[in-house]
Amino acid sequence: VNRRLATSIGGLLLQSAQQLPAAEMFQKAIELDGRNVAAILALATVYEKNAQVETAIKLLRQALIVEPVNAEGRLRLALNLKRQEQVEESRKLLAGLAADKDDSWVTPLAYQELARLDSDRKKSSEAEKTLRDGIQRFPGDLRLRIQLAAVLDRRGAPGEATALIEKALAAPASGEAANSRYLYNAVRADEFAQTRTFLDENSKSRLQVLAQALNAPPPDGQQGTGVAR
């Protein structure tokens, strides 16, 4: 229970922008259980937000040893590797995320960052293909459309770029994949939901045992305790 409690308290502290106390709780949770992926990712995020990229990378690699398919861990590792100019490994991770069939909030952001890497490498045709593939999967993602318009403009197709933006702005607002970058930077309650569910269930079972003990008849020959004097 202690490791889950430490993780849950760390999550609450992080939601309250108490990063240092949160980091201490996540570190405690990891010391109690080195396979606690939620705590490892959360601690890596704290280091990432404080520009301690090397430590964040080390923690993210640790998380992926425990859970290699963790999408958020792979995305965060890719972006931190990019900051360290380890472009090839970053690109490999992003390409793997874009190829995944799971349409989580991570996937459209992987498309965006993969296309950004290709644009930085002057590979505009690859960036365009990546963005078109992303839009096909996530037609409601405005960022993908704007990014594609920018690529098209640089490739000498300003008319198509303008039409793409006008069409995107005229479309009804959609929540589909629209908040991926916000979710990347936000503290999400779902990260710690499993831990808190366990704690809730555990506390309920303990309360039931306590209630049964209080309601049990006293042993033979003994008087029940009371508060009256």
Side-chain angles (χ1 to χ4, degrees), residues 1-84 86 89-90 92-94 96-97 100-107 109-110 113 179-214 216:
V1 174
N2 288 339
R3 61 186 173 85
R4 289 187 170 92
L5 181 59
T7 305
S8 184
I9 292 173
L12 291 171
L13 288 167
L14 202 57
Q15 287 177 317
S16 301
Q18 302 295 314
Q19 292 195 18
L20 182 57
E24 292 174 352
M25 295 307 300
F26 292 135
Q27 184 63 53
K28 180 64 176 178
I30 295 167
E31 290 171 0
L32 292 167
D33 178 10
R35 299 178 62 84
N36 187 337
V37 173
I40 297 171
L41 285 179
L43 184 57
T45 302
V46 173
Y47 279 111
E48 179 183 354
K49 289 179 181 297
N50 286 276
Q52 298 186 46
V53 177
E54 291 184 2
T55 305
I57 289 174
K58 181 179 178 181
L59 285 163
L60 291 165
R61 291 194 189 281
Q62 181 181 342
L64 292 175
I65 289 173
V66 180
E67 194 175 317
V69 298
N70 187 285
E72 181 177 353
R74 291 153 65 199
L75 177 65
R76 290 189 180 278
L77 179 57
L79 297 190
N80 280 283
L81 287 170
K82 180 185 175 183
R83 295 183 181 106
Q84 292 290 85
Q86 299 182 44
E89 186 178 359
S90 176
K92 183 178 179 180
L93 286 164
L94 291 170
L97 286 165
D100 282 353
K101 294 181 180 179
D102 181 25
D103 289 346
S104 72
W105 66 268
V106 168
T107 315
L109 192 50
E113 293 297 332
N179 297 320
S180 56
R181 196 165 295 275
Y182 167 79
L183 292 172
Y184 183 89
N185 291 305
V187 180
R188 304 186 309 282
D190 63 286
E191 293 178 275
F192 310 102
Q194 184 177 2
T195 296
R196 288 174 188 160
T197 298
F198 173 86
L199 291 172
D200 288 343
E201 292 174 351
N202 190 269
S203 63
K204 288 176 183 177
S205 65
R206 288 172 182 249
L207 286 173
Q208 290 173 355
V209 172
L210 178 61
Q212 291 172 0
L214 291 173

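The first residue of the sequence shown is numbered 1, and numbering continues consecutively from there.
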- Minimum-distance pair of heavy atoms, taken over all atoms of Trp105 and Ser180: O-CB, 3.1 Å
- Note on the structure: Here the gap from Ile9 atom CD1 to Met25 atom CE, rounded to the nearest 0.5 Å, amounts to 4.5 Å
- Message: Evaluate Gln62 against Ile30 for side-chain contact (heavy atoms from CB on, under 4.5 Å), listing each step before the verdict.
- Response: CA-CA 11 Å; Gln62 181 181 342; Ile30 295 167; 4.0 Å; yes
- Report the distance from atom CZ of Arg181 to atom CG of Leu109, rounding to the nearest 0.5 Å. 4.5 Å
- Heavy atoms only: give me the nearest Arg74-Val69 pair and the separation to one decimal. NH1-O, 3.3 Å
- Rounded distance [0.5 Å steps], OH in Tyr184 versus CG in Leu79: 4.5 Å
- Message: Distance check, rounded to the nearest 0.5 Å: Leu32 atom CG versus Leu5 atom CG?
- Response: 10.0 Å
- Determine yes or no for a side-chain-to-main-chain donor-acceptor pair under 3.5 angstrom, with Ser16 supplying the side chain and Gln18 the backbone. no
- Task: Spell out, as yes or no, whether a donor-acceptor pair under 3.5 Å connects the side chain of Arg61 to the backbone of Leu77.
- Result: no
- Message: For a quick test of reading the model, state the closest non-hydrogen atom pair linking Lys49 to Asn185 and the distance between them.
- Response: NZ-O, 2.8 Å
- Item | Exam field: side chain Asp33 to backbone Ala29, donor-acceptor pair closer than 3.5 Å | no
- Message: With rounding to the nearest 0.5 angstrom, report the CG to CG distance, Leu64 to Asn70.
- Response: 6.5 Å
- May I ask you to check whether over 12 heavy atoms, not counting those of Arg83, lie within 6.0 Å of atom CZ? yes
- Message: Could you check whether any side-chain heavy atom of Leu97 comes within less than 4.5 Å of a side-chain heavy atom of Asp100, counting everything from C-beta outward?
- Response: yes
- Can you tell me if Thr107 uses its side chain to pair, donor with acceptor, with the backbone of Asp102 under 3.5 Å? yes
- Of all heavy-atom pairs linking Thr7 and Ala38, the shortest is CG2-CB, 4.3 Å
- Message: Looking at every non-hydrogen atom in both residues, tell me the closest pair between Ala23 and Val46 and how far apart they are.
- Response: CB-CG1, 4.2 Å
- Spatial distance of atom OG1 (Thr55) from atom CD (Glu48) [nearest 0.5 Å]: 12.0 Å
- Query: Is the side chain of Thr45 donor-acceptor paired with the backbone N or O of Leu41 at a distance under 3.5 Å, no angle test?
  - Reply: yes
- Within 6.0 angstrom of Gln86 CD, more than 12 heavy atoms from elsewhere: yes
- What is the minimum heavy-atom distance between Ile40 and Ala63, and which atoms define it? CG2-CB, 3.7 Å
